[in-house]
Amino acid sequence: MAAPRVLLLLSGRPESVSFAQSVCGLLGAGPGLGPWPTHCSLKRGQLILSDRPFPEASTRLPIQRPSFCPFAALALQPLAPKAKQPLNRGVDLGVAVLLQSSDQTVLLTRRTRTLRISPNLWVPPGGHVELDEELLDGGLRELWEESGLQLPKDRFSWVPLGLWESAYPPRLSWGFPKYHHIVLYLLVISQESQQQLQAQIQPNPGEVNALMWLRPDVAAAVAATEDGTETAGFLHQNLPPSVPAIQLEEDGGARPVLLPMSTLLQTTPTTAEDKERVSTGTKFALRLWLQYLGR
């Protein structure tokens with residue numbers, strides 16, 4: 001078994017979480033949507049979480065799971081098929097970078113249809129944290145691998161935004177989960193404008209087939225479409241019918257396109273359909289970003 005990346009402080013000592021357990025549930029998440037405040041130690045290549053303060057904790061972050069989290073559903077099914085539950089496997093650690101330009105837009109990328117996890121979803125650049133890798137370094141590495149952007153160290157600041165419990169497939173109705181992650185969202189604030197950053201982007205076609213920059217008003221409308229929330233307060237008359245994006249072509253080129261707002265407002269379907277939409281975790285991260293801007 002690989003070294004555990006996500007640990008919970010239970011009974012006074014860090015313990016790994018088995019694959020089929022809900023991290024939010026173990027941290028005392030109630031029946032509501034959350035988020036729940038969590039004390040965190042952001043160690044190199046590892047995350048230690050607790051519902052109470054502990055000496056090594058360096059920050060306090062909100063953690064949330066979707067209302068349809070399959071691991072929460074499994075906790076209510078004591079007779080769930082044991083054969084499907086992976087043995088000697090823990091919860092993986094991921095990191096995602098919400099890159100903010102100096103003119104307050106954030107970068108999202110669309111995952112290619114051929115990826116095993118979450119194909120055709122709009123997400124911030126991100127991926128697995130390597131062993132002994134600083135969490136910020138992991139996020140910046142994923143940003144570079146997916147978008148080609150390398151940020152000079154003296155040209156950005158950063159802050160951890162929150163944690164998301166992620167599963168794929170995202171619903172039990174899609175099938176038993178094959179992947180279980182805790183994703184740490186990092187807000188990285190560049191001193192360069194959207195135009196300056198866009199000029200440096202060279203997307204990796206193996207992972208990304210489109211990208212776009214969201215303004216706060218559009219991000220608010222997208223973030224409000226998470227299952228179980230109200231959208232009417234955000235869908236005002238000034239909302240554009242479409243959002244400009246850049247789509248990669250098979251010949252290696254790229255062209256500007258207009259992405260219908262209705263695509264960005266899609267919610268997660270109940271059946272296994274890889275519809276183009278913004279991931280539920282990304283909507284959570286966008287809400288945290290808007291709260292940060294409001295402060």
Side-chain angles (χ1 to χ4, degrees), residues 1-78 80 85-86 89-96 98 126 128-129 134-136 138-139 158-167 170 172 177 179-187 223 226-229 279-292 295:
M1 181 179 178
R5 305 297 179 84
V6 176
L7 301 172
L8 297 191
L9 201 63
L10 304 172
S11 304
R13 58 189 178 88
E15 300 177 22
S16 61
V17 184
S18 67
F19 180 89
Q21 290 180 292
S22 168
V23 173
C24 287
L26 291 171
L27 288 170
L33 287 176
W36 300 275
T38 304
H39 299 271
C40 313
S41 171
L42 308 179
K43 291 196 170 186
R44 182 183 291 269
Q46 197 174 70
L47 195 63
I48 301 178
L49 307 175
S50 175
D51 60 349
R52 300 177 182 181
F54 60 100
E56 294 80 17
S58 56
T59 187
R60 192 173 185 229
L61 296 174
I63 187 170
Q64 190 164 339
R65 63 188 178 189
S67 59
F68 46 82
C69 173
F71 300 107
L74 284 171
L76 301 176
Q77 300 180 18
Q85 299 187 18
R89 184 174 168 191
V91 178
D92 293 320
L93 176 59
V95 64
L98 206 63
H128 283 91
V129 175
E134 295 287 355
L135 301 184
L136 174 62
W158 70 283
V159 61
L161 281 180
L163 303 161
W164 179 255
E165 184 162 17
S166 171
L172 273 183
Y179 300 94
H180 188 180
H181 291 81
I182 293 296
V183 179
L184 170 65
Y185 286 104
L186 302 178
L187 175 62
E226 183 192 356
D227 293 359
T229 63
S279 78
T280 313
T282 300
K283 294 173 185 178
F284 168 67
L286 290 175
R287 288 199 298 278
L288 295 179
W289 174 56
L290 293 167
Q291 292 171 12
Y292 180 87
R295 293 197 297 268

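Since this is a predicted model, take the numbers as computed values, not measurements.
Nearest heavy-atom pair across Val6 and Asp92 is CG2-O, 3.7 Å. The shortest heavy-atom contact between Gly94 and Val129 is C-CG2, 4.2 Å. A pairwise comparison of heavy atoms in Ala285 and Leu161 identifies O-CD1, 4.1 Å as the closest pair. In plain terms, the two heavy atoms of Arg5 and Leu93 that are nearest each other are CB-CB, 3.6 Å. Nearest heavy-atom pair, Val183 versus Ala96, reported as atom, atom and distance to 0.1 Å: CG1-CB, 4.1 Å.
Pairs of residues two or more places apart, or lying in two chains, that qualify as side chain to side chain donor-acceptor pair (under 3.5 Å) and include a residue from residues 18-28 are Ser18-Gln21, Ser22-Arg65, Ser22-Glu165.
Every residue two or more places apart in sequence or in another chain that forms a side-chain contact (heavy atoms from CB on, under 4.5 Å) with Pro66 is listed here: Phe68, Cys69, Trp164, Thr280. For His181, the ring pair (Phe, Tyr, Trp, His ring centres under 6.0 Å) partners two or more places apart in sequence, or in a different chain, are His128. The ring pair (Phe, Tyr, Trp, His ring centres under 6.0 Å) test applied to Tyr185 returns no partner, not counting sequence neighbours.
Summarising the geometry, atom CG belonging to Leu61 is positioned 4.0 Å from atom OG1 belonging to Thr59; distances are rounded to the nearest 0.5 Å. Note: Leu172 CG to Phe71 CZ = 8.5 Å, rounded to the nearest 0.5 Å. With values rounded to the nearest 0.5 angstrom, Ile63 atom CD1 is found 8.0 Å from Phe284 atom CZ. Atom CD of Gln64 sits about 11.0 Å away from atom CG of Leu163, to the nearest 0.5 Å.
Summarising the local packing, OH of Tyr179 is surrounded by more than 12 heavy atoms from other residues, nucleotides or ligands at distances under 6.0 Å.
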For residues 40-52, dump all side-chain donor-acceptor pairs below 3.5 Å to protein atoms at least two apart in sequence or in another chain.
residue: Ser41; atom: OG; partner: Glu56; partner atom: O; Å: 3.4
residue: Arg44; atom: NH1; partner: Asp132; partner atom: O; Å: 3.0
residue: Arg44; atom: NH2; partner: Glu134; partner atom: OE2; Å: 2.9
residue: Gln46; atom: NE2; partner: Pro4; partner atom: O; Å: 3.1
residue: Ser50; atom: OG; partner: Arg52; partner atom: N; Å: 3.0
residue: Ser50; atom: OG; partner: Arg52; partner atom: O; Å: 3.0

Which side-chain N or O atoms in residues 24-31 pair as donor and acceptor under 3.5 Å with protein atoms at least two apart or in another chain?
none

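Between the side chain of Arg287 and the backbone N or O of Ala223, at least one donor-acceptor pair lies under 3.5 Å.
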